[in-house]
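Have a look at the structure below, then the notes.
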Amino acid sequence: MANIGAPNGSGTQVADRELFVPEQSYPPAPDAGVWFAATLDPKETARQVLSLAVPHLADEGAVYLLDPPVALWRQPRKDPPGRLVAMRLATRVPRGSSQDWGDFPPDSEMVAFTAGSPHARCVVTGQPVCFDLDTDSPRRSLLAVPLTAHNEVTGLLLLGRQTTKGWPFSVADVSRASSLAAQAGVCIDNARLFAQERKVAQALQRGLLPRDPSTRAGLDIAHCYRPAGDNLVGGDWYDVVPLPRGRTAIMVGDTMGHGPEAATVMVQLRAAAHVLADLDLAPDALLWRLNRMAVTVTMGTFATCVCAVIDPGAGTGVIARAGHLPPVRWLADGTCDAVAVPPGLPLGLGGDGYGTTSIKLPPGSTLALFSDGLVESRERSFDEGITELRSALTHCTGPLQPACDAIVSTLCQRGEDDTTLVLVRVP
């Protein structure tokens with residue numbers, strides 16, 4: 001029963017037959033498309049399809065996703081393709097009794113449908129194909145229905161019945177299955193495209209951020225970044241640049257806006273900031289030069305940035321900011337305060353220069369650099385957010401990375417804005 005409609009099995013296409021259909025053959029819910037659209041996981045959508053089709057329309061079923069999709073043709077092709085490769089997204093078969101239904105492993109299995117098989121005819125023609133398998137006992141009647149989206153066949157829904165205890169598929173059954181597949185095809189394809197876009201965006205974001213900024217001698221560094229809402233990339237950025245004499249430059253920036261446009265500006269600013277920091281410029285000089293460049297590349301938008309150069313050997317830090325929120329410092333004696341740093345104008349708006357502040361960072365102290373998405377939201381003021389951050393930092397005594405992740409999860413439950421947090425501890 002598990003290998004329903006084996007791709008290389010024998011099959012004979014038979015004419016559609018309008019037979020008596022018992023009440024057991026009940027059409028799927030009319031709002032199935034809304035239900036499918038509630039998830040962007042292709043496998044979950046496939047499972048939902050089968051939960052509607054089995055046992056209402058069939059005794060068993062499977063959903064296959066083609067790789068790659070096959071274009072639809074109005075007329076039969078003269079050069080039908082060879083075998084078609086597909087991934088089985090989900091399977092639903094009896095688990096021992098007629099009332100016990102469930103997914104049957106293995107799913108995500110790759111299969112090949114041979115040219116000329118009923119499965120291939122379903123894909124090539126874009127039409128349902130009803131056929132019998134004569135090799136099983138009892139004999140089974142199978143129905144292959146194409147999943148279509150954007151004028152392509154993206155997969156197929158395969159349903160099976162044991163003809164000794166049921167009945168062959170009727171015209172009404174084919175119509176119901178086709179309606180179900182039509183709704184599911186678009187939803188599964190959208191989920192597939194979304195998964196591809198997310199994978200590309202995540203790879204892009206990983207490439208834009210520093211690979212391992214936590215490995216700096218004399219410092220413990222933890223970092224966490226989350227784009228806003230459903231965006232896969234955003235305008236926040238951070239960087240950690242090693243400097244001579246055991247010092248480290250740490251920067252956090254925030255470009256106005258979200259999504260790919262903000263990420264485009266962010267890429268240019270981060271690259272320029274990294275080069276300027278590598279020249280061992282003081283934080284105020286770095287921001288001044290970065291601001292001059294930002295005027296020409298930010299396309300009418302602006303960005304904020306904070307830069308700190310930390311010397312763990314001396315236990316000191318020098319900080320400058322361009323319209324960005326000031327860092328928060330927590331000391332081993334329990335003191336926690338926002339560092340008073342001259343604000344300066346955001347990058348891209350001109351200005352005469354930036355001021356700096358020198359601070360003490362004795363052993364055991366922690367410095368938090370962050371974007372405004374961490375502490376501000378429509379339901380929380382800046383002052384309330386800073387208070388919550390200071391409270392969270394006072395409990396930051398264990399490993400730094402879990403603490404960093406926990407702070408972001410606690411303070412940013414709604415994800416209204418891009419959020420970045422970098423924690424730096426002097427051991």
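Residue numbers start at 1 and run along the sequence shown. Note that this is a predicted model, so its numbers are computed, not measured.
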What's the shortest heavy-atom distance between Ser178 and Pro128, and which atoms? OG-CG, 3.4 Å
Any side-chain heavy-atom pair from Thr148 and Thr154 closer than 4.5 angstrom? no
Value rounded to 0.5 Å, distance of CG in Leu421 from SG in Cys404: 4.0 Å
Provide the closest heavy-atom pair for Cys305 versus Leu347 in the form atom of the first, atom of the second, distance. CB-CD1, 3.8 Å
Considering the options Trp237, Tyr238, Phe370, which one meets the ring pair (Phe, Tyr, Trp, His ring centres under 6.0 Å) requirement together with His223? Tyr238
Side-chain donor/acceptor of Ser391 to backbone N/O of Glu388, under 3.5 Å: no
Check whether any side-chain heavy atom of Gln183 lies under 4.5 Å from a side-chain heavy atom of Val49, and answer yes or no. no
Run the numbers on Thr366 and Val424 for side-chain contact (heavy atoms from CB on, under 4.5 Å), then give the verdict. CA-CA 5 Å; Thr366 300; Val424 186; over 6 Å; no
Can you check whether Ile407's main-chain N or O pairs, donor with acceptor, with Thr410's side chain at less than 3.5 Å? no
Which pairs, with at least one residue in residues 318-330 and sequence neighbours excluded, count as a salt bridge (charged side-chain N to carboxylate O under 4.0 Å, His left out)? Arg329-Asp337
Say whether, by atom type as modelled, one donor and one acceptor occur between the side chain of Ser179 and the main chain of Arg176 under 3.5 angstrom. no
Looking at CG of Leu243 and CG of Leu281, how far apart are the two atoms once the value is rounded to the nearest 0.5 Å? 9.5 Å
Do Leu66 and Val85 pass the side-chain contact (heavy atoms from CB on, under 4.5 Å) test, and can you show the C-alpha distance, the side-chain angles, and the key distance before you say yes or no? CA-CA 6 Å; Leu66 290 175; Val85 178; over 6 Å; no
Looking at Ala303, is its backbone amide N or carbonyl O close enough to the side chain of Thr255 to form a donor-acceptor pair, meaning the two atoms are under 3.5 Å apart? no
Checking side-chain contact (heavy atoms from CB on, under 4.5 Å) for the pair Leu325/Val375: CA distance, chi angles, key distance, verdict? CA-CA 10 Å; Leu325 296 178; Val375 295; 3.7 Å; yes
Close side-chain approach of Asp280 and Arg247, heavy atoms under 4.5 Å: yes
Between Arg161 (side chain) and Asp59 (backbone), is there a donor-acceptor pair under 3.5 Å? no
Pairwise distance CG(Asp173) to CG(Leu57) - rounded to 0.5 angstrom: 6.0 Å
Which atoms form the tightest heavy-atom contact between Gly385 and Leu411, and what is the distance? O-CD2, 4.1 Å
Do Phe169 and Leu159 come within less than 4.5 Å of each other through their side chains, counting heavy atoms only? yes
Specify the closest pair of heavy atoms between Ser365 and Leu331, including all atoms of both residues, with the distance to one decimal. CB-CD2, 3.6 Å
Point-to-point distance, once rounded to the nearest 0.5 Å, from CE of Met251 to CZ of Arg270: 8.0 Å
Gap separating the CG atom of Leu84 from the CZ atom of Phe113, nearest 0.5 angstrom: 8.0 Å
Polar side-chain atom of Thr125 near backbone of Arg121 as donor-acceptor pair, under 3.5 Å: yes
Taking every heavy atom of Leu345 against every heavy atom of Ala322, the minimum-distance pair comes out as O-CB, 3.3 Å
How long is the straight-line distance from CG of Asp189 back to CG of Leu147, given to the nearest 0.5 Å? 9.5 Å
Show which side-chain atoms of residues 307-320 pair as donor or acceptor with protein atoms under 3.5 Å away, not counting sequence neighbours.
| residue | atom | partner | partner atom | Å |
| --- | --- | --- | --- | --- |
| Asp311 | OD1 | Gly313 | N | 3.2 |
| Asp311 | OD1 | Ala314 | N | 3.3 |

Min side-chain heavy-atom separation Leu389-Leu374 under 4.5 Å: yes
Exactly one of Leu367, Asp220, Leu361 clears side chain to side chain contact (heavy atoms under 4.5 Å, CB included) with Val426, and that residue is Leu361
Step by step, work out the side-chain contact (heavy atoms from CB on, under 4.5 Å) result for Tyr64 and Leu157. CA-CA 7 Å; Tyr64 295 89; Leu157 168 64; over 6 Å; no
Could you go step by step and tell me if Ser381 and Asp383 meet the side-chain hydrogen bond (donor to acceptor under 3.5 Å, both in side chains) rule? CA-CA 5 Å; Ser381 68; Asp383 291 335; 5.3 Å; no
Over all atoms of both residues, closest heavy-atom pair of Ile250 and Leu369: O-CD2, 4.0 Å
Any side-chain heavy atom of Val145 within less than 4.5 Å of one from Leu156? no
Please tell me if the side chains of Thr335 and Trp330 come closer than 4.5 Å, counting only heavy atoms from C-beta onward. no
Anything under 30° is parallel, anything over 60° is perpendicular, the rest tilted; go ahead and classify His119 against Phe131. perpendicular
Apply salt bridge (charged side-chain N to carboxylate O under 4.0 Å, His left out) to Arg226 and Asp236, showing your working. CA-CA 9 Å; Arg226 291 185 183 179; Asp236 279 14; over 6 Å; no
Check: Arg390 and Thr387 side chains under 4.5 Å, non-hydrogen atoms: no
Please list all pairs passing the salt bridge (charged side-chain N to carboxylate O under 4.0 Å, His left out) test where one or both residues lie in residues 398-409, with sequence neighbours left out. none
Given Pro118, which of Leu158, Val129, Leu142 fulfils the side chain to side chain contact (heavy atoms under 4.5 Å, CB included) condition? Val129
